[in-house]
Amino acid sequence: MNRSSEVDAWLANYDNPQKELVAAVRLAILGADDRVTECVKWQAPTFVYKGNIASFFPKAKKHASLMFHKGASIPGDWPSLEGDAKDGRSMKFADAADLAAKSKELVGVVKAWCDQQDAK
């Protein structure tokens with residue numbers, strides 16, 4: 001797993017009621033594909049592979065929220081990717097049970113992004 005000490009430090013200082021859920025989503029993404037790495041961009045953990053995959057929206061207090069920067073172009077059927085912007089899509093997790101229910105889809109989105117980047 002490609003954990004970053006920079007993100008570890010960010011998470012240690014993250015004061016939010018969703019801290020535990022954000023940490024769990026982080027591990028799910030990093031465990032989805034060995035190609036994925038992480039860093040802090042835009043004052044939030046960001047997951048990358050040949051470009052930005054997704055960033056947390058750190059101010060969300062009722063759920064953990066990820067912004068998939070080019071989510072509209074990720075191949076596949078991903079019903080949990082929400083939004084109608086030209087490029088971006090978001091995926092929200094209400095709690096640990098919601099993450100468990102969406103984990104297969106989250107892994108699929110991350111793998112589809114990585115595979116798409118490798119095909120370019």
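Residues meeting the salt bridge (Lys or Arg N to Asp or Glu O under 4.0 Å) test with Lys50, sequence neighbours left out: Asp118. Not counting sequence neighbours, the partners of Ala44 by the side chain to side chain contact (heavy atoms under 4.5 Å, CB included) test are Pro58. Every residue meeting the side chain to side chain contact (heavy atoms under 4.5 Å, CB included) condition with Asp115, not counting sequence neighbours, appears here in chain and number order: Arg35. With sequence neighbours left out, the salt bridge (Lys or Arg N to Asp or Glu O under 4.0 Å) criterion links Asp34 to no other residue. In this structure, the side chain to side chain contact (heavy atoms under 4.5 Å, CB included) partners of Thr37, at least two apart in sequence or on a different chain, are Asn2, Val48. For the salt bridge (Lys or Arg N to Asp or Glu O under 4.0 Å) test, residues two or more places apart in sequence or in another chain that qualify with Lys111 are Asp33.
Within the structure, every pair that satisfies the salt bridge (charged side-chain N to carboxylate O under 4.0 Å, His left out) test and touches residues 4-15, not counting sequence neighbours, is listed here: Arg3-Asp8, Asp8-Arg26. Under the ring pair (Phe, Tyr, Trp, His ring centres under 6.0 Å) criterion, no residue pair touches residues 85-120, with sequence neighbours excluded. For residues 73-89, the pairs satisfying side-chain hydrogen bond (donor to acceptor under 3.5 Å, both in side chains) are Ser80-Glu105, with sequence neighbours left out. Within the structure, ring pair (Phe, Tyr, Trp, His ring centres under 6.0 Å) contacts touching residues 7-27 (residues at least two apart or in different chains) are Trp10-Tyr14. The ring pair (Phe, Tyr, Trp, His ring centres under 6.0 Å) pairs that include a residue from residues 22-48 are Trp42-His69, Phe47-Phe56, where partners are two or more places apart or lie in different chains.
With rounding to the nearest 0.5 angstrom, the OG atom of Ser103 is 10.0 Å from the CG atom of Asp98.
Crowding of Gln117 atom CD: a count of heavy atoms from other residues, nucleotides or ligands under 6.0 Å exceeding 12.
Asn52 places no side-chain N or O within 3.5 Å of a backbone atom of Ala54 that could act as its donor or acceptor partner.
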Validation: residues 60-68 side-chain donor-acceptor distances under 3.5 Å, sequence neighbours left out:
none

